[in-house]
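Everything on this sheet refers to the single structure shown next.
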2 protein chains.
Amino acid sequence: MALEHAILVSLEERSGSGYELARRFDKSIGFFWAASHQQIYRTLKRMVDLGWVTCTEVAQDGKPDKKVYEVGDTGRAELRRWLAEPGDPAVLRNDLAVKIRGASYGDIPALLAEVARHRDAHAERLDVYRVIEKRDFPDPAALTGRHLHQYLVLRAGVRAERGLVDWFGEVLEAMRRDGGEDR
Amino acid sequence: MALEHAILVSLEERSGSGYELARRFDKSIGFFWAASHQQIYRTLKRMVDLGWVTCTEVAQDGKPDKKVYEVGDTGRAELRRWLAEPGDPAVLRNDLAVKIRGASYGDIPALLAEVARHRDAHAERLDVYRVIEKRDFPDPAALTGRHLHQYLVLRAGVRAERGLVDWFGEVLEAMRRDGGEDR
DNA sequence: CTATACATGTAACTAGTTACATGATTTA
DNA sequence: TAAATCATGTAACTAGTTACATGTATAG
């Protein structure tokens, strides 16, 4: 499991409250590791119990109090350990591929409409990533350290979304050709 | 959840035992939807309770008895329903992207070795997919129906694996350049 | 006065992983 | 005689989702 570790990375970059972490998991980190606020609050509690992070209550005016979490030495050591630990290669998981494999057992035009909807959604995300890429990293060759690492994970997002958009396009093209010919 | 539905698709293609399904989930279907035998047995039991599949015990000689599962009318209706049902666009999940984002908090050369290991593993899977592609689908333009659908999900695998291999290559190239220069 | 942002949580459920458990037959 | 394949399961645990629950402050 990597949620604890994703939180450690995020808190090393900048300490913050559960709410703030939940915001970050709606963007940046969340582009490649999704987490809901319920999951984050639960995990933060566990991380405090483990001594990985410390929690300080902070009063604010005009806003509710918040609890700010910060990575401690134990947490930093755990992050180092995890970063060096070998893991299994990722396994793919693709709902729509299951549906396409089973297309002939259902309503094919309806499924193609669904594929088109997903293609559009992923194309939109791809645009978001590309805007960020151009805005924040106009000269990739000059990047070093943390900025380079941030750029590279954004590249993973760009490549994955573009791959999906292209694949959905291939599916639509081939299945429309197939459906159009023998009917 | 799609495991029930992945099993329905697989059993529609050909009825079989839990063990046989577990084999199929080690290849073909499993290329884009992994499932362990424990999960499959548990899910098959639930599907019998729901009336989606029927179960027949079959005696074999030289081998233990087996239970053969077959899709019933209720199961077929459920599959149709699920195929027409809209779903959310896939969210990405990439452990190594989290590690790369946190690279500066750990041992970077060790992490790059891990990245290279994953690149090799995905390159191997890509080769497997390409062999299957050339062997089973030498003339994609001529494909129709179920064969076409099978080809298209294989294409998803090819695209996803190639995307990962390329990305790992980009990561290695950029981070080696970065590490090599300022040391 | 309504919606949005800020802020934190619990409870119940669903899905997935890991470890344990058994036993026959075939191949090297 | 050891390993691999065939065959089926239980138990405990970990992770993730959905629904419920509450309350303040600000902007339109």
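Per chain, numbering begins at 1; letters A, B, ... match sequence-line order. The basis for the numbers below is simple: all heavy atoms, side chains too, and nothing from hydrogens, waters or symmetry mates.
Protein atom CD1 of Ile40(B) is 15 Å distant from nucleotide atom P of dT10(D), rounded to whole Å. Regarding Ile7(B), its CD1 atom lies at a distance of 12 Å from the P atom of dA15(C), rounded to whole Å. Atom NZ of Lys66(B) and atom C1' of dT25(C) are 15 Å apart (whole Å). Atom pair Glu20(A):CD and dT8(C):P shows a separation of 8 Å (rounding to whole Å applied). Going from atom CZ of Arg46(B) over to atom P of dT14(C) covers 9 Å, rounded to whole Å. Taking atom CZ on Arg23(B) and atom P on dA4(D), their separation rounds to 13 Å, with Å as the unit. Spacing between atom CZ of Arg24(B) and atom P of dC6(D) amounts to 13 Å, rounded to whole angstrom units. For Gln39(A) and dG9(C), the CD to C1' distance is 15 Å, given to the nearest whole Å.
Between Asp49(B) and Arg46(B), no side-chain nitrogen of the basic residue sits less than 4.0 Å from a carboxylate oxygen of the acidic one, so the salt-bridge criterion is not met. For the pair Glu13(B) and Arg101(A), the salt-bridge criterion is met [side-chain N within less than 4.0 Å of a carboxylate O]. Under the 4.0 Å criterion applied to side-chain N and carboxylate O atoms, Glu20(B) and Arg14(B) are not assigned as salt-bridge partners.
The aromatic rings of Trp52(A) and His5(A) lie tilted to each other, with the angle between the two planes from 30° to 60°.
Closest to the side chain of Leu3(A), out of dG16(C), dG9(C), dG16(D), is dG16(D).
Contact record, Leu44(A) with Ile7(A): CD2-CG2, 4.0 Å, taken as the closest heavy-atom pair.
When each of Lys45(A) and Gln60(A) is assigned the nucleotide of DNA chain C bearing its nearest heavy atom, the one mapping closer to the 5' terminus is Gln60(A). Along DNA chain D, the nucleotide nearest Arg93(B) and the nucleotide nearest Lys63(A) are compared for position; the residue whose nucleotide lies closer to the 5' end is Arg93(B). DNA chain D is contacted by both Asp65(B) and Pro64(A); Asp65(B) maps to the nucleotide lying nearer its 5′ end (nearest heavy atom per residue).
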Polar pairs (N or O, both sides) under 3.5 Å between protein and nucleotides 18-20 of chain D?
| residue | atom | partner | partner atom | Å |
| --- | --- | --- | --- | --- |
| dA19(D) | N6 | Gln38(A) | NE2 | 2.9 |

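Contact annotation: Tyr19(A) side-chain N/O to dT8(C) OP1/OP2 distance is not under 4.0 Å. Between dT8(C) and Tyr41(A), a contact under 4.0 Å exists linking OP1 or OP2 to a side-chain N or O.
Residues Phe32(A) and Ile100(B) form no side-chain contact, since every pair of their non-hydrogen atoms from C-beta on lies 4.5 Å or further apart.
Figure legend: Arg125(A) and Tyr129(A) shown without cation-pi pairing, the cationic atom not lying both under 6.0 angstrom from the six-membered ring centre and within 45 degrees of its axis.
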